[in-house]
Amino acid sequence: MRIAIAGAGNVGRSIAQELIGNGHEVMLIERHPRQLCPERVPEARWVLADACELSSLEEADLAGCDVVVAATGDDKANLVVSLLAKTEFAVPRVVARVNRAENEWLFTEQWGVDVAVSKPRLMAALVEEAVTVGDLVRLMTFRQGEANLVEITLPKDAPYEGQPVRSVPMPRDAALVAILRGKRVVVPTPDDPLEAGDELIFVCTSEVEDQVRAVVLGDRGLPPLG
């Protein structure tokens, strides 16, 4: 894919290196000359320009990009970049970095954002994921909250421990997409058995999260009475 990243600070450069390593073509757009460091990511195309200016984005041929990542440290700039990318250049996928948790509510499709990545929320989710067994942890939100990536670490004596994936009656609008087992990533098949300690990764809508929790955890997943 052809990917444009607005903001060539530590975050933007790190994203660029990962994407280039995965075989994608990356353009870094940076307005501060002191942040322009082509030697840090030599495989990327570097552009000295203000990504909040329409003329700059036109010169950079943003319309030819498959994905735009708004990765600056300024939430206002990230919103403007997202809106321009979606409304003026019809970029299919826009990912925006949220720097301040109180601004997260702004990063919606109205501002052209397809996926908002909130550093505070992601860090909190990773902390929960690391210490929580026997409960559902929301890791990431997609499509303005319509779908979520959630994780449940299977406790011992869970209803379907030791049983194959096909025996788990998943609700509609929920899918088990991966099992993390020790250092392995298992792409689940119907015959794979579930083991205590498995980290089960689901994609589901917000409306069925409680159902997923109840199915996987049984009585443990039910909300407290009263």
- Message: With a 4.5 Å cut-off on side-chain heavy atoms, are R45 and V26 touching?
- Response: no
- Task: Determine, step by step, whether V98 and L106 satisfy the side-chain contact (heavy atoms from CB on, under 4.5 Å) criterion, reporting the C-alpha distance in whole Å, the side-chain angles of both residues, the deciding distance to 0.1 Å, and the verdict.
- Result: CA-CA 9 Å; V98 184; L106 288 165; over 6 Å; no
- Task: Could you list the residues that satisfy side chain to side chain contact (heavy atoms under 4.5 Å, CB included) with Q163, not counting sequence neighbours?
- Result: Y160, S167
- Task: Report the residues that fulfil side chain to side chain contact (heavy atoms under 4.5 Å, CB included) with Q211, sequence neighbours left out, ordered by chain and then residue number.
- Result: P171, V208
- Item | Pair listing, side-chain hydrogen bond (donor to acceptor under 3.5 Å, both in side chains) test, anchored in residues 80-92, at least two apart | K86-D114
Decide whether [X] and [Y] are clustered together by the hydrophobic rule: side chain heavy atoms of Ile, Leu, Val, Met, Phe, Trp, Tyr closer than 4.5 Å, transitively.
X	Y	answer
I152	M170	yes
L54	V47	yes
L84	V113	no
L79	I29	no

- With a 4.0 Å cut-off, would you call R31 and E53 a salt bridge? no
- Message: Walk me through whether R138 and E151 qualify under salt bridge (Lys or Arg N to Asp or Glu O under 4.0 Å).
- Response: CA-CA 6 Å; R138 185 179 295 174; E151 182 266 355; over 6 Å; no
Hey, can you pull the donor-acceptor pairs under 3.5 Å for the side chains in residues 65-73, sequence neighbours left out?
from: D66; atom 1: OD2; to: R2; atom 2: N; distance (Å): 2.8
from: T72; atom 1: OG1; to: D74; atom 2: N; distance (Å): 3.1
from: T72; atom 1: OG1; to: D74; atom 2: O; distance (Å): 3.1
from: T72; atom 1: OG1; to: N78; atom 2: OD1; distance (Å): 2.7

- Task: For side-chain contact (heavy atoms from CB on, under 4.5 Å), just list the numbers for W46 and L48, CA-CA rounded to whole Å, side-chain angles, deciding distance to a tenth of an Å, and then say yes or no.
- Result: CA-CA 7 Å; W46 288 73; L48 179 61; over 6 Å; no
Between [X] and [Y], which heavy-atom pair has the shortest distance, and what is it?
X	Y	result
A174	V212	CB-CG2, 3.7 Å
M27	A60	CE-O, 3.5 Å
A51	V81	O-CG2, 3.6 Å

With sequence neighbours excluded, tell me which residues meet side-chain hydrogen bond (donor to acceptor under 3.5 Å, both in side chains) with [X].
X	value
D75	N99, N103
E102	R100
Q35	none

- Going by distance alone, is a donor N or O of one side chain under 3.5 Å from an acceptor N or O of the other, for T153 and D198? no
Can you give the donor-acceptor pairs under 3.5 Å from side chains of residues 3-23 to other protein atoms, not counting sequence neighbours?
from: N10; atom 1: OD1; to: R13; atom 2: NH2; distance (Å): 2.7
from: R13; atom 1: NH1; to: A8; atom 2: O; distance (Å): 2.9
from: S14; atom 1: OG; to: N10; atom 2: O; distance (Å): 2.8
from: Q17; atom 1: NE2; to: R40; atom 2: O; distance (Å): 3.3
from: N22; atom 1: ND2; to: E18; atom 2: O; distance (Å): 3.3

- Task: For side-chain contact (heavy atoms from CB on, under 4.5 Å), just list the numbers for C52 and K76, CA-CA rounded to whole Å, side-chain angles, deciding distance to a tenth of an Å, and then say yes or no.
- Result: CA-CA 10 Å; C52 293; K76 295 189 294 296; over 6 Å; no
Indicate every side-chain donor-acceptor pair of residues 184-197 with a distance under 3.5 Å to a residue at least two apart or in another chain.
from: T189; atom 1: OG1; to: D192; atom 2: OD2; distance (Å): 3.0
from: D191; atom 1: OD1; to: R166; atom 2: NE; distance (Å): 3.2
from: D191; atom 1: OD1; to: R166; atom 2: NH2; distance (Å): 2.7
from: D192; atom 1: OD2; to: T189; atom 2: N; distance (Å): 2.8

- E161 vs K156, side-chain contact (heavy atoms from CB on, under 4.5 Å): CA-CA, chis, key distance, verdict: CA-CA 7 Å; E161 181 200 358; K156 191 172 178 59; 4.1 Å; yes
